[in-house]
*Asks:* 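Dropping a structure here in structure tokens format, bear with me for questions.
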Amino acid sequence: MGDQRSDEAREWRGWYSLARWRKLRKHQLSIEPLCRMCRLQGRVTRATVCDHIERHNGDPEKFWGGPFQSLCKTHHDATKQAEEHRGFSTAIGADGWPIDPGHPANR
């Protein structure tokens, strides 16, 4: 199976292999070593992914400047991707109500 990304996406995907990104990732994981989404669920899990909180879509300023959060691979690859596709988080607060202001229940 070939690369299904656009030419533009293939270009910025290469930024993840640069020493500058590895240094940024290492710094983020050192200041926030636990997965933020696991913590919100009351679990303690070591983070392994430096995640762009906001989609950068190849914008160098957003790519390099963040904002960032630390996530475990599971939350990054499943939960975060689904949220981006859906357009809102389905996370529920202690009161049983969705915490994302963009959730349809909060509109």
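Because the structure is a prediction, the values reported are computed rather than measured.
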*Asks:* Answer yes or no: is there a side-chain heavy-atom contact under 4.5 Å between His75 and Cys38?
*Replies:* yes
*Asks:* Tell me if the centroids of the rings in His103 and Trp97 come within less than 6.0 Å of each other.
*Replies:*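 Between Trp97 and His103, which both carry aromatic rings, the centre distance is not below 6.0 Å.
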*Asks:* Between Trp64 and Leu18, is there a side-chain heavy-atom distance shorter than 4.5 Å?
*Replies:* yes
*Asks:* Would you say Leu29 and Thr48 make side-chain contact, with heavy atoms under 4.5 Å?
*Replies:* no
*Asks:* Among Ile31, Val49, Asp51, Leu24, which one satisfies side chain to side chain contact (heavy atoms under 4.5 Å, CB included) with Phe68?
*Replies:*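 Only one option passes, and that is Leu24.
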*Asks:* What's the verdict on side-chain contact (heavy atoms from CB on, under 4.5 Å) for Gln69 and Glu32, showing C-alpha distance, side-chain angles and the deciding distance?
*Replies:* CA-CA 7 Å; Gln69 65 183 345; Glu32 185 179 21; 4.1 Å; yes
*Asks:* Identify the two heavy atoms, one from Phe63 and one from His52, that lie closest to each other, and give their separation to 0.1 Å.
*Replies:*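 Nearest heavy atoms, Phe63 then His52: O-NE2, 2.9 Å.
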*Asks:* Taking all non-hydrogen atoms of both residues, which atom of Ala105 and which atom of Pro98 are closest, and how far apart?
*Replies:* CB-CG, 4.0 Å
*Asks:* Taking all atoms of both residues into account, what is the closest heavy-atom pair of Cys72 and Thr45, and its distance?
*Replies:* CB-CG2, 3.9 Å
*Asks:* Write down the atom of His76, the atom of Leu71, and the distance for their closest heavy-atom approach.
*Replies:*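 That closest heavy-atom pairing would be CA-CD1, 3.9 Å.
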*Asks:* When rounded to the nearest 0.5 angstrom, what distance separates CH2 in Trp12 from CG in Asn57?
*Replies:* 7.0 Å
*Asks:* Let me confirm one number: the CE-OG distance from Met37 to Ser70, rounded to the nearest 0.5 Å.
*Replies:* 11.5 Å
*Asks:* I would like to know whether Ile53 and Arg36 meet side-chain contact (heavy atoms from CB on, under 4.5 Å); could you show each step before the answer?
*Replies:* CA-CA 11 Å; Ile53 294 174; Arg36 186 175 295 185; 3.6 Å; yes
*Asks:* Please name all residues satisfying ring pair (Phe, Tyr, Trp, His ring centres under 6.0 Å) with His27, sequence neighbours left out, ordered by chain then number.
*Replies:* none
*Asks:* Taking atom CZ of Arg46 as the centre, report whether more than 12 heavy atoms of other residues, nucleotides or ligands fall under 6.0 Å from it.
*Replies:* no
*Asks:* Between Trp21 and Cys50, is any pair of side-chain heavy atoms under 4.5 Å apart?
*Replies:* yes
